[in-house]
Structure formats: structure tokens, C-alpha cells
Amino acid sequence: MKRFAAALALSLCVAAGAQAAAPAPAAPVKMWRLDCGQIQSNNLNDFSDTFAYTGQTKLLDASCYLIKHADTYMLWDTGLPKELLGLPLTGPGAPGATLAKLLTTQLATIGVKPEQISIIGVSHHHFDHIGQAADFPGARLLIGAPDVAELKAPGNAGAKALAHWLSGDGKLEPVTGDKDVFGDGSVVMLNLPGHTPGHHGLLVRLAKTGPVVLSGDLAHLTENYVNDGVPAFNIDRAQSLASISRVKQIVANLHGMLIIQHEARDVAKLPAFPAAAD
Ligand SMILES: [Zn+2]
């Protein structure tokens, strides 16, 4: 009986504690879209394991995002590497990817210094999403834990760009499952594996614009998102389809906006830089 009374008291305490820990009102959130380069696909079937795009080519945007939560700045993805700055997109010897403006240059336009970036979240470890991370060495890096494991495997191409964090010099936070970045539900990394094992998207709840889902590489083009298309180079087809299905339901349930980060017409749903969405 004594034990029962103690258990009851404990459960009441827990209930009271849960009430006291009700989420604080969300801080104001703003979001800017940033130009993180362009990639030319001369064979769009690279993005379809069902050969949906035979004979088609496409210019893919690479987009990054700056999020301001109260006074804290966070970058979502860091784009193509600086080495591609000013290179021609096409022509003999062209690498098929180019960068018009550095992230640091764009941030300077709105008066944000590299050391003001406290958090970098990356959707996954591919080169076009982590390319300029090293310009923000003071930031804590949020990245899917399974992607960290892949980066630490011998010979991983992305390891160099994130060496500062993988070596233990920078603050690295491997993310398992979803991650509520600021603890108030306003910015949440969504676990969307399939493209890579630790792939994530980002849900950003903006007061005026409404909920926005940044896709990462859940899909590279609208057609793949709409038609459940999967690139042959994704790590897991079933996971990719489950992740697309999850995002479709989130967008429907929240009446949200999806931004496919490589799709220029989606990126254009947000105000052109330096204007911000709020
Ligand atoms: Zn990509």
C-alpha cells in the first residue's frame, strides 16, 4: 500500500511536471533563400530508376536557407564548394556545376557575419549540400547520424568538407530521428531516409507564410515528388518512397508549402533575396 501511495505521488508529480513544461510560445522566425549554385543534368534519367526522363536535360538549382529564430541564425545546407565560383556551366571541360556567389558574400549583404551562424543543419552529406560549411567553423553541425557514419568510412568524398567537425574540432551533433532544433516546434529536422541513410528535410513554421517543408533531396524535381520517382543512386528505394509519402501527408495535414530545393520554380515560392519570408 505504501508502495502504491509512493507510485501515485510520483505519477502526480510527473503529471504536474509535464504541465509546467508546456512548450513556450514560439519565437519569431524568418527565412531567407540563398543561391548555392546550379547543376546541369545532361541526362535526366540519372534521377530516375524507371527511365522516366529519356532524352531530357535539366538545369537544377542548388538552394540554401538562412533561418533566424529569435536572435539565433541557422543555415540549412551550405551548397556547392567554393572551387566552382565563376566557372562556366557548360562547354568543353566544364564540371557541370557552378557557383555565382559565395554564401558569406550573400550573408554580408544583410549584415550577417560568419561567426553569427550558430547552427548549420545539413540535409545530407552530398557535395552540393555541404560545400561551404567550412566557412562557418564556430557553428554546431546537425546532420543525420547514419550520414556521419558514412562520412567516417574510408574514402568518403564528403569527409574533407566537414573535416573540422568530424575531427572533433567543431561541435558535431549527429541527429537520430526528428530533431526539434529550438525546442518549440518552429524548426524541425524531419527524418526522411532513402536518398542517404541519414537524409533529413526541414519543417519551418513561419507566422505569415505558414509551414514550409524544405525537401533536402527527398526529390530533385517536381515530377519525382508527384509520381514517386526515385533516382537509381538513392541508397534505399523503399525508404525513399516512405519518406515521400510522409512529406505528402505532412504538407496536406499542415496545409504547408513544399520547396524542392533543386527545383527553381519551388525556390521562387519564397521572396527573392535579400527579402525574407516570415
Ligand atoms: Zn543535392
Side-chain angles (χ1 to χ4, degrees), residues 32-44 46-47 57-66 73-110 112-117 119-144 147-148 150-172 195-196 198-199 214-217 220-221 231 233 260-264 267 273-274:
W32 291 258
R33 61 165 154 115
L34 300 162
D35 178 355
C36 274
Q38 288 186 313
I39 300 168
Q40 175 65 30
S41 169
N42 290 322
N43 176 14
L44 203 53
D46 288 343
F47 297 95
T57 64
K58 189 176 170 81
L59 182 62
L60 302 172
D61 257 20
S63 60
C64 302
Y65 300 85
L66 175 69
Y73 285 104
M74 169 183 179
L75 279 175
W76 177 248
D77 282 340
T78 65
L80 287 161
K82 295 161 89 159
E83 291 72 24
L84 295 171
L85 187 66
L87 293 189
L89 192 56
T90 53
T98 187
L99 195 56
K101 250 185 188 175
L102 297 179
L103 268 178
T104 49
T105 309
Q106 293 173 73
L107 295 180
T109 311
I110 52 169
V112 176
K113 300 186 183 85
E115 55 270 27
Q116 287 178 268
I117 305 295
I119 302 169
I120 295 174
V122 295
S123 56
H124 63 296
H125 63 46
H126 286 167
F127 81 109
D128 53 322
H129 297 260
I130 61 172
Q132 297 167 63
D135 282 346
F136 309 93
R140 176 162 52 103
L141 177 66
L142 305 179
I143 177 172
D147 275 24
V148 175
E150 286 208 335
L151 284 167
K152 288 186 171 172
N156 187 290
K160 203 175 150 207
L162 298 180
H164 172 69
W165 291 272
L166 296 169
S167 68
D169 286 345
K171 282 176 269 174
L172 174 65
H195 182 56
T196 64
H199 179 271
L214 304 175
S215 67
D217 283 359
H220 296 78
L221 44 154
F233 58 86
I260 296 172
Q261 293 182 215
H262 282 304
E263 185 69 86
V267 176
F273 186 84

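Since we're looking at a predicted model, the values are computed, not measured. Atom set for the values below is all heavy atoms of this structure, side chains included, hydrogens, waters and symmetry mates excluded.
- Residues H262 and L221 fail the side-chain proximity criterion, which asks for heavy atoms closer than 4.5 Å.
- Proximity of F273 to L34: side-chain heavy atoms (C-beta onward) are separated by under 4.5 Å at one or more points.
- Within the 4.5 Å cutoff, the side chain of P95 has heavy atoms near those of the L84 side chain.
- The backbone N or O of S63 lies less than 3.5 Å from no partner atom in the side chain of D61, so there is not a single donor-acceptor pair.
- Counting heavy atoms from C-beta outward, Y65 and D77 have side chains that stay 4.5 Å or more apart.
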>> Assess the residue pair L103 and D135 against the criterion (side chain to side chain contact (heavy atoms under 4.5 Å, CB included)); give the C-alpha distance rounded to whole Å, side-chain angles, the decisive distance to 0.1 Å, and a yes or no.
In response: CA-CA 9 Å; L103 268 178; D135 282 346; over 6 Å; no

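- Judged purely by atom type and a 3.5 angstrom limit, W32 has no side-chain atom pairing as donor or acceptor with the backbone of I110.
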>> Test side chain to side chain contact (heavy atoms under 4.5 Å, CB included) on E150 and N156; report intermediate values, then the result.
In response: CA-CA 7 Å; E150 286 208 335; N156 187 290; 4.2 Å; yes

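- Listed for the H164 side chain is no donor-acceptor partner under 3.5 Å among the backbone atoms of A134.
- Here the straight-line distance linking atom CG of L151 with atom CG of L166 works out to 5.5 Å at 0.5 Å rounding.
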>> Evaluate V122 against W76 for side chain to side chain contact (heavy atoms under 4.5 Å, CB included), listing each step before the verdict.
In response: CA-CA 6 Å; V122 295; W76 177 248; 5.9 Å; no

>> Run K171 and L141 through side chain to side chain contact (heavy atoms under 4.5 Å, CB included) and show every step you take.
In response: CA-CA 6 Å; K171 282 176 269 174; L141 177 66; over 6 Å; no

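- Listed here is the closest heavy atom pair of A161 and A133: O-CB, 4.5 Å.
- Residues that satisfy the side-chain hydrogen bond (donor to acceptor under 3.5 Å, both in side chains) test with H126, not counting sequence neighbours, are H124, H195.
- Taken from CG in N42 to OG1 in T90, the straight-line distance is 8.5 Å, to the nearest 0.5 Å.
- Every residue two or more places apart in sequence or in another chain that forms a ring-ring contact (aromatic ring centres under 6.0 Å, His included) with F47 is listed here: H220, F233.
- Within the 3.5 Å criterion, the main-chain N or O of Q261 finds a donor-acceptor partner in the side chain of S215.
- Put simply, the side chain of E263 reaches to within 4.5 Å of the side chain of K58, judged on heavy atoms.
- Note: L66 CG to Y73 OH = 6.5 Å, rounded to the nearest 0.5 Å.
- Here the straight-line distance linking atom OG of S123 with atom CG of L142 works out to 12.5 Å at 0.5 Å rounding.
- No side-chain heavy atom of Q38 sits under 4.5 Å from any side-chain heavy atom of L60.
- Using a distance-only test at 3.5 Å, with no hydrogens or angles considered, no donor-acceptor pair links the side chain of T105 to the main chain of K101.
- Looking only at distances, no side-chain donor or acceptor of Q132 sits under 3.5 Å from a matching main-chain atom of G79.
- Interatomic distance, L99 CG to K82 NZ, rounded to the nearest 0.5 Å: 10.0 Å.
- Between the side chain of R140 and the backbone N or O of I119 there is no donor-acceptor pair closer than 3.5 Å.
- Of the residues listed (D147, I143, T78, I120), the one engaging L162 in a side-chain contact (heavy atoms from CB on, under 4.5 Å) is I143, and it is the only one.
- Remark: the backbone N or O of L89 is not paired with any side-chain donor or acceptor of T98 at under 3.5 angstrom.
- Contact annotation: the side chain of I117 approaches that of L107 to within less than 4.5 Å [non-hydrogen atoms, C-beta and beyond].
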